[in-house]
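Structure first, commentary second.
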Amino acid sequence: MQTRSSGNTQGIDVSRYQGNIDWTKVKASGMTFVFIKATEGQTYTDPNFQKNVSGALAAGMLVGTYHFFRATSTDGAKAEAAHYASTLNKVGGAKALQLPPVMDYENNPGNLSKAQINTVAKAFLTELQRLTGVKPIIYTGNSFAGNFESSLGTYDLWIARYSSTRVPDDQPGWKRWTFWQYTDSGKVNGISGNVDMNEFEGSAAELRARYAAATPKPPEPSEPVKPTEPPKGGEPMTAEEKAAFDALKAQVDKLQARQQMEVPVWAKAAVDAALAYDTKNPLFSIDNGASYDFYRFITVMYRRGLFKK
């Protein structure tokens, strides 16, 4: 496979083992992207997952996630995909992030044959794409990659090989890597201790462009009625602004583009501010959850200062 290049953009991957991370310092150190551990198996969720996603996004990182794969059957693989997709919904879903979800398949505790390895991998990848609407990436080690047949070469490869002199080996499915994890003992400002270091096969702009179509941002809610100007800080909503708010909410309600879900991390501040605006006569109720588009709409209104008293 190809060597590293000085023009390639740099990134990291993290899990709970990195502890509390100062994402502003990580970004300032030159890191462009990060893959954050989300889940493992059918039930485990990394305890720092939502906090890491929120912090990395706020710092301006390009964010992706990964799932540590353990399944030994197709039913188990589909169950793991469902667990991963459900966990991604807590941060707005796979399409709310800039990088695709990742299947981390790097060992064989069930002693499966190569044919079985490929069968369970395909079951997971297919189910995850069905549930998230985004084509996943495959992460694996230089040695384990030889278990994957050529048909899996349609998925981008994130490969681990810890060496400063040797490139990853050509594999049945890949002759090039998309991401290379080249060490597990990197040092980055904002993180105490070691961290995995990664490189993308191009510039930051090329990285954004590569996955822009794969993880499209949801459309902004249409706004048939708008206040003539944003309300000034410290002033409550006028009757006209309240009418505009109600009209926009009604429009968003009609979209019904996403399933009902709990408040995602990135919308919590906006929702709290909107609900606190008038506690005696709340603007809305989310006792049974709300749609993704509604949370996005509330966040837009919050950033315009509509919920300031």
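Note that these values count all heavy atoms, side chains included, but never hydrogens, waters or copies made by symmetry. The structure presented is a predicted model; accordingly, all values stated were derived computationally and were not measured.
Transitive grouping of hydrophobic side chains (ILVMFWY, heavy atoms separated by less than 4.5 Å) brings Val167 and Trp174 into a common cluster. In the hydrophobic clustering of ILVMFWY residues, with side-chain heavy atoms under 4.5 Å counting as a link, Leu131 and Phe49 come out apart. The cluster map of Ile, Leu, Val, Met, Phe, Trp and Tyr, joined by side-chain heavy atoms under 4.5 Å apart, puts Val53 and Val265 in different clusters.
Once rounded to the nearest 0.5 Å, the distance linking CE of Met301 with CG of Leu306 reads 5.5 Å. Separating the CE atom in Met103 from the CG atom in Leu152 is a distance of 7.0 Å, to the nearest 0.5 Å. Separating the CD atom in Glu201 from the OG1 atom in Thr3 is a distance of 11.5 Å, to the nearest 0.5 Å. The CG atom of Asn189 sits 9.0 Å away from atom CG of Asp22, with the distance rounded to the nearest 0.5 Å. Note: Arg161 CZ to Trp180 CH2 = 8.0 Å, rounded to the nearest 0.5 Å. To the nearest 0.5 Å, atoms OG1 (Thr65) and CG (Leu99) are separated by 9.0 Å.
In this view, Arg4 and Glu199 satisfy the salt bridge (charged side-chain N to carboxylate O under 4.0 Å, His left out) rule, not counting sequence neighbours. When the ring-ring contact (aromatic ring centres under 6.0 Å, His included) test is applied to Tyr105, the partners found at least two apart in sequence or on another chain are Phe69, Phe144, Phe148.
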Open item on the list: Show, in sequence, the C-alpha distance, side-chain angles and deciding distance for Arg210 and Asp156, and conclude whether the salt bridge (charged side-chain N to carboxylate O under 4.0 Å, His left out) test is met.
Closed with: CA-CA 11 Å; Arg210 184 182 189 98; Asp156 284 351; 3.0 Å; yes

- [ ] Check the pair Lys122 / Ser151 against side-chain hydrogen bond (donor to acceptor under 3.5 Å, both in side chains), numbers first and verdict last.
- [x] CA-CA 10 Å; Lys122 290 175 182 177; Ser151 62; 3.1 Å; yes

Open item on the list: Go through it in stages, so that I can follow the logic: the residues are Lys51 and Asn20, the test is side chain to side chain contact (heavy atoms under 4.5 Å, CB included), and I'd like the CA-CA distance, side-chain angles, deciding distance and then a yes or no.
Closed with: CA-CA 9 Å; Lys51 178 174 69 174; Asn20 292 321; 2.7 Å; yes

Task: Evaluation steps, side chain to side chain contact (heavy atoms under 4.5 Å, CB included), between Phe68 and Lys37 - done: CA-CA 8 Å; Phe68 192 90; Lys37 184 172 183 178; 4.3 Å; yes

Open item on the list: Between Ile12 and Val188, does the side chain to side chain contact (heavy atoms under 4.5 Å, CB included) criterion hold? Intermediate values first, please.
Closed with: CA-CA 9 Å; Ile12 57 175; Val188 173; 4.1 Å; yes

Open item on the list: Test side chain to side chain contact (heavy atoms under 4.5 Å, CB included) on Val34 and Leu62; report intermediate values, then the result.
Closed with: CA-CA 6 Å; Val34 59; Leu62 301 180; over 6 Å; no

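Two residues are said to be in side-chain contact when any heavy atoms from C-beta on lie closer than 4.5 Å; Ile36 and Val63 meet this criterion. No side-chain heavy atom of Thr72 sits less than 4.5 Å from a side-chain heavy atom of Asn108. Residues Phe179 and Ile137 meet the side-chain proximity criterion, which asks for heavy atoms closer than 4.5 Å. Residues Trp23 and Ser54 form no side-chain contact, since every pair of their non-hydrogen atoms from C-beta on lies 4.5 Å or further apart. With a 4.5 Å cut-off on side-chain heavy atoms, Pro101 and Val134 count as touching. You'll find the side chain of Met1 stays beyond 4.5 Å of the side chain of Lys175, heavy atoms only. Taking the side chain as every heavy atom from C-beta outward, Leu57 and Gln98 approach each other to under 4.5 Å. Residues Glu149 and Pro172 fail the side-chain proximity criterion, which asks for heavy atoms closer than 4.5 Å.
Residues Leu112 and Ala71 approach most closely at CD1-O, 4.3 Å, considering heavy atoms. Between Phe200 and Glu206, the shortest heavy-atom distance links the atoms CE2-C, 3.9 Å. The two residues Asn142 and Asp169 make their nearest non-hydrogen contact at OD1-N, 2.8 Å. Taking each heavy atom of Pro168 and Trp177 in turn, the nearest pair found is CG-CD1, 4.0 Å. Of all heavy-atom pairs spanning Val14 and Gln18, the tightest one is CA-OE1, 3.4 Å. For Thr154 against Lys135, the heavy-atom pair with the smallest separation is O-NZ, 2.8 Å.
Atom NZ of Lys268 sits in a sparse spot, with 12 or fewer heavy atoms from other residues, nucleotides or ligands closer than 6.0 Å. With a 6.0 Å radius and a threshold of 12 heavy atoms from other residues, nucleotides or ligands, Tyr162 has its OH atom above the threshold. More than 12 non-hydrogen atoms from other residues, nucleotides or ligands lie less than 6.0 angstrom from CG of Asn107. The number of heavy atoms from other shown groups lying within 6.0 Å of NZ (Lys78) does not exceed 12.
Remark: side-chain polar atoms of Thr132 are paired, donor with acceptor, to backbone N or O of Leu128 under 3.5 angstrom. Distance alone, capped at 3.5 Å, is enough to place a donor-acceptor pair between the Gln171 side chain and the Gly146 backbone. The main-chain N or O of Phe124 is never found under 3.5 Å from a side-chain atom of Glu127 such that the two would form a donor-acceptor pair.
Tested against Asn198, the residues Asp13, Asn8, Thr9 include a single side-chain hydrogen bond (donor to acceptor under 3.5 Å, both in side chains) partner, Asp13. Only one option out of His83, His67, Glu80 pairs with Thr39 in a side-chain hydrogen bond (donor to acceptor under 3.5 Å, both in side chains); it is His67.
Taking the six-membered ring where the residue is Trp, Trp158 and Tyr139 present perpendicular rings, their angle passing 60° and hence far from 30°.
Side-chain contact, Gln42 with Tyr84: no donor N or O sits under 3.5 Å from an acceptor N or O.
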